[in-house]
Structures are given as structure tokens and as C-alpha cells.
Amino acid sequence: MATSSASLSTRQRILLQSGLVLMQLGAAAGVHAQQKWTVSLGAATDYVYRGVTRSDGQPAAYAGLELHPASGWSAGVWTSTVDLDRDAGNGYEVDLHAARSWSWDAAWDATLSVAHREYLNERSKVDYDYDELSASLSFQQRVTASVAWSPNASLYLYPYGPVHGRAVAYELMIEQPIGARWSVFAGVGRYDLHDLAQDGYSYWSGGLSFTWASVQFDAAHIGVD
């Protein structure tokens, strides 16, 4: 995974597939070699996670704080506005995560992370809180393959209703710079829900990213089967 403020933007794009038009601002403390924490602030026209909206198709705002206590280690908190149930009103997602990263041969990066996702102020009858363990492998920070496993995923699936159980997500993300500030990206994913229902679903995205200083703008199109 990328380091400094880019690490948050890359991770959120891979895990959240967020945007139709997305704006993210990052700020790093100190020089790169001495960086201890990273802050990000952003807004999106729609908070989309694995192909499915988590803000009922409405704009969402988010913020994150990530600590880097030692080389290769990170821990942080990320929060966003959500609307998981249109009859329950708006709420907040709070993600607590920790990760260990490795780099070798100046080309390969691997990350192992664990996260807990909590949903607050949601009056829904469904408890959406869950935990997740994920691993990723990246080549030259341009091609990233990842797998995420949850022992207690909670979803509302039509026509089953609320379901709870194990779930696995597989994703592949490609990003190609096309200049000093521009890059294109595309991704595909499969969410395996056999323990929760009879099948899963696939999703994909593609878009354009522009970076200037610590500000990043993404425009993406997202599809789901």
C-alpha cells in the first residue's frame, strides 16, 4: 500500500469504491521520514461500499485519523455519515482499524489488517456492526489484489431480510498514472455471501483521479450485478 496521506486515499478507494464525484483532502504531520499521523477529510456524492450505497444515494462526509507508531505499523479511526435504512434516519459509521505492512524488492507491498465497524445513531432494527480481517498484495502500488473475511457480517438482503454470518470479499484494483497529477483506475470485486444467502454478487468501478498537493479529486462510475 502507499505511504503517507496517499495510503488513506488508496485504501478507501479499494475498500469503499466511493464516489461518482469524490473529494478528499489529506494532511501529514512532519516530514515524510518522521511522519507519525495522517489526517483525511472528504465528501462524496454517494458512499458506495462494495457496489452498494450506504448513504441511500445521498452525499456523505467522512474523516479519518491514522497513527504510525513504528515502521510498517498503523492504527486509526475513520468515520462517515450513513443512511442504511431510509426509514431509520441518518447515522454514522465508525471504523477502528490496525494494520501491519511489509515492502520488499522495491516493487511488492503486502498488508494485513483487522477492523471493527460500528454504526451509531441508526434506529434500524438490524444490527449492522461487524468485524473484518483483510490481506492485500500490491505490485508497484499499481496492481492490488485483496481478500477480506468477516465472521459476523450483517446485511439486509432482499428477499431474505436481515442475515448474519460469514462473508468473504475478493477485489482487484489497477491504477495507472498518466502524468504528474492524473491517473486512471479500475477495479472488480466479488462478495461471497453463501453463508448468509444462496449466492453473492459482483461489482466493478472505473474512473479518473487528479491530485494536487494534499488534495485529491476522484470521478468514478460504479456497477453491480
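All values below come from the heavy atoms of this structure, side chains included, with hydrogens, waters and symmetry mates left out. Remember, predicted model here, so these are calculated numbers, not experimental data.
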Taking all heavy atoms of [X] and all of [Y], pick out the closest pair and write down the distance.
X	Y	result
Trp78	Gly64	CD1-CA, 4.0 Å
Asp199	Leu193	O-CB, 3.2 Å
Trp204	Val188	CB-CG1, 4.0 Å
Pro177	Arg142	CD-NE, 3.7 Å
Gln216	Thr211	OE1-OG1, 3.7 Å
Asp46	Ser55	OD1-OG, 2.9 Å

Are the side chains of [Y] and [X] in contact, using a 4.5 Å heavy-atom criterion?
X	Y	answer
Val82	Asn90	no
Leu172	Val143	yes
Ile178	Leu208	yes
Glu175	Ser183	yes
Asp225	Tyr203	no

- prompt: With a distance cut-off below 6.0 Å to the six-membered ring centre and an angular limit of 45° from the axis, does Arg190 pair with Tyr170 as a cation-pi contact?
  reply: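 No, cation not above the ring by the 6.0 Å, 45° rule.
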To the nearest 0.5 angstrom, please state how far the [atom1] atom of [X] sits from the [atom2] atom of [Y].
X	Y	atom1	atom2	result
Leu67	Leu65	CG	CG	5.0 Å
Trp108	Leu137	CH2	CG	5.5 Å
Leu196	Leu155	CG	CG	6.0 Å
Phe185	Gln176	CZ	CD	13.5 Å
Tyr130	His116	OH	NE2	10.5 Å
Ser74	Lys36	OG	NZ	13.0 Å

N/O donor-acceptor pair under 3.5 Å between [X] side chain and [Y] backbone:
X	Y	value
Asp192	His194	yes
Thr53	Gly57	yes
Asp129	Tyr119	yes
Asp95	Val77	no
Ser205	His221	no
Thr45	Pro59	no

query: Under the criterion side chain to side chain donor-acceptor pair (under 3.5 Å), which of Ser136, Ser138, Ser103 is the partner of Asp109?
result: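 Only match with Asp109 under side chain to side chain donor-acceptor pair (under 3.5 Å): Ser103.
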task: For Trp104, look at atom CH2 and say whether over 12 heavy atoms of other residues, nucleotides or ligands are found less than 6.0 Å away.
output: yes
query: Does CZ belonging to Arg166 count more than 12 external heavy atoms closer than 6.0 Å?
result: no
message: Can you see whether Thr38 engages His68 through a side-chain donor-acceptor pair at a distance of less than 3.5 angstrom?
response: yes
Residue pair His164 / Ser154, side-chain donor-acceptor N/O under 3.5 Å: yes
- prompt: Quick one: do Glu132 and Arg50 make a salt bridge, cutoff under 4.0 Å?
  reply: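 Here Glu132 pairs with Arg50 in a salt bridge, since their nearest N and O are under 4.0 Å apart.
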query: Between Trp73 and Val39, is there a shared hydrophobic cluster once you connect ILVMFWY residues whose side-chain heavy atoms come closer than 4.5 Å?
result: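 Different hydrophobic clusters.
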message: Among Tyr62, Tyr47, Tyr49, which residue satisfies the side-chain contact (heavy atoms from CB on, under 4.5 Å) criterion with Glu93?
response: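 It is Tyr47, the one option of Tyr62, Tyr47, Tyr49 that forms the side-chain contact (heavy atoms from CB on, under 4.5 Å) with Glu93.
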